[in-house]
Visitor: 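Here you go, one structure.
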Amino acid sequence: MNGKLITFEGCEGVGKSTQLRLLKEYLERTGQSAVFTREPGGTPIAEEIRSMLLYKNFEISPVVEAYLFATARADHVNRVILPALEQGKLVVCDRYLDSSLAYQGVARGLGIDTVLAYNRYAVQTCMPDYTVFLKMDPLHSWRKQKGKTVEGDRMEQEDAAFHSAVYRGFLELEQRYPERYLTIVPQEDKLATHAAIVGALVAKRVIG
Ligand code: TYD
């Protein structure tokens, strides 16, 4: 497997989607190819699970929630991520395993190791090579949620304590995986943040 898997992680409202778009434009401009994908989602089954998880009014227990994210991930890895990596491609994924570890493991209280165990078969050998972590406390996020439904999805409706716990989860993962975490503190100037992300990925020789 000589492709590379780069994941983008962080709390809600830190500008992750904007940064993914800017990176995609940068790679297109400079003639570099990459597969951009997202979680939960990326395949028809996983998109269906995404809508169950985020937009339906089911009462979902933390364990079931964690398994549903892992199930969506298993399909996504099998059909999209693993084949692309085997073909030597660069894969950039909007959220991945670490979102499960932070949201379900820490914020829902299941424990990082438990959720990691649920995900072992789902991720197979596809651990991220690098994780771009947009490090900003969601309570200090200046960006208003835009372009989302008025009430927000199931996760966005959670309270401040939940989102703080998610942030603490990512801080724990940053400590646990220092070799793959590329921590970027978002600036108000989104192009400055973009330059920092490109710089970090160039330094690791993931992109040129
Ligand atoms: P999305 O609209 O993609 O959120 P964002 O724009 O913030 O990335 O919705 C994904 C939501 O699902 C987000 O709140 C994070 C959450 N999530 C988990 O709880 N566990 C997971 O494993 C993944 C991939 C996402």
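Fair warning: this is a prediction, and the values are worked out from it, not measured in the lab. Just so you know, ligand 1 is whichever comes first in the structure, and atom 1 is the first atom listed for that ligand.
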Visitor: Does E25 come within less than 4.0 Å of R21, counting only side-chain N to carboxylate O?
Guide: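 A salt bridge is present here (some side-chain N lies under 4.0 Å from a carboxylate O).
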
Visitor: Just heavy atoms, cut-off under 4.0 Å: does E39 contact ligand 1 by side chain, backbone, both, or neither?
Guide: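 Both backbone and side chain of E39 come within 4.0 Å of ligand 1.
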
Visitor: Just wondering, more than 12 heavy atoms not from E28 lying within 6.0 Å of its CD?
Guide: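 Buried by this count: over 12 neighbours within 6.0 Å.
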
Visitor: Do any N/O atoms on S17 end up under 3.5 angstrom from N/O atoms on ligand 1?
Guide: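 No, there is no polar N/O contact under 3.5 Å.
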
Visitor: Quick one: does R38 get within less than 4.0 Å of ligand 1, heavy atoms only?
Guide: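 Under 4.0 Å: no for R38.
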
Visitor: Between E174 and R180, is the salt bridge (charged side-chain N to carboxylate O under 4.0 Å, His left out) condition met? List the steps.
Guide: CA-CA 9 Å; E174 183 191 28; R180 74 168 159 92; over 6 Å; no

Visitor: Decide whether an N or O pair under 3.5 Å exists between S100 and ligand 1.
Guide: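 Yes; at least one N/O pair falls below 3.5 Å.
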
Visitor: Which one of M155, R50, R73 has a non-hydrogen atom at the shortest distance from atom 1 (P) of ligand 1?
Guide: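 The residue whose heavy atom sits nearest atom 1 (P) of ligand 1 is R50.
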
Visitor: Short list, please: which atoms of ligand 1 are under 4.0 Å from a heavy atom of S99?
Guide: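 Contacts of ligand 1 toward S99, numbered from 1: 20 (N), 21 (C), 22 (O), 23 (C), 24 (C), 25 (C).
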
Visitor: Apply the salt bridge (charged side-chain N to carboxylate O under 4.0 Å, His left out) test between E39 and each candidate in R95, R73, R50; give the one that qualifies.
Guide: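 So, applying the salt bridge (charged side-chain N to carboxylate O under 4.0 Å, His left out) to E39 and each of R95, R73, R50, only R73 qualifies.
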
Visitor: Is E65 in polar range of ligand 1, meaning some N or O pair under 3.5 Å apart?
Guide: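 No, E65 has no N/O under 3.5 Å of an N/O on ligand 1.
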
Visitor: Would you mind checking if E65 and R154 are paired as a salt bridge, meaning a charged N to carboxylate O distance below 4.0 Å?
Guide: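 Here R154 pairs with E65 in a salt bridge, since their nearest N and O are under 4.0 Å apart.
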
Visitor: If you count the atoms of ligand 1 from 1 in the order shown, which ones are under 4.0 Å from a heavy atom of D153?
Guide: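 It comes down to these atoms of ligand 1: 2 (O), 9 (O).
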
Visitor: Tell me which part of L54 gets within contact of ligand 1: side chain, backbone, both or neither, using heavy atoms under 4.0 Å.
Guide: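 The answer is the side chain of L54.
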
Visitor: With respect to atom 12 (O) of ligand 1, which of F8, F162, Y103, F69 exhibits the smallest heavy-atom separation?
Guide: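 Answer by nearest heavy atom: F69.
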
Visitor: With the threshold set at 4.0 Å, does a side-chain nitrogen-carboxylate oxygen contact exist between D113 and R176?
Guide: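 Salt bridge: yes.
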
Visitor: Would you check whether R154 reaches within less than 4.0 Å of ligand 1, judged by its heavy atoms?
Guide: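 No, R154 has no heavy atoms under 4.0 Å from ligand 1.
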
Visitor: Between L53 and ligand 1, find which residue part has any heavy-atom pair under 4.0 Å and reply side chain, backbone, both or neither.
Guide: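 No part of L53 is near ligand 1 at this cut-off.
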
Visitor: Should we count CD of E59 as having more than 12 external heavy atoms under 6.0 Å?
Guide: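 Result for CD/E59: open.
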
Visitor: List ligand 1 atoms under 4.0 Å from K16, heavy atoms only on the residue side.
Guide: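 Within the 4.0 Å cut-off of K16, ligand 1 contributes 5 (P), 8 (O).
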
Visitor: Answer yes or no on whether R29 is positioned over the face of Y26, meaning its NZ or CZ is under 6.0 Å from the six-membered ring centre and within 45° of the axis.
Guide: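 No, R29 does not lie over the aromatic ring of Y26.
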
Visitor: Is K16 salt-bridged to D94, cutoff N-O under 4.0 Å?
Guide: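 Salt bridge flag = yes for D94 with K16.
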
Visitor: Using a 4.0 Å cutoff against the non-hydrogen atoms of Q104, which atoms of ligand 1 qualify?
Guide: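 Those of ligand 1 that fall under 4.0 Å from Q104 are 18 (C), 19 (O), 20 (N), 21 (C), 22 (O).
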
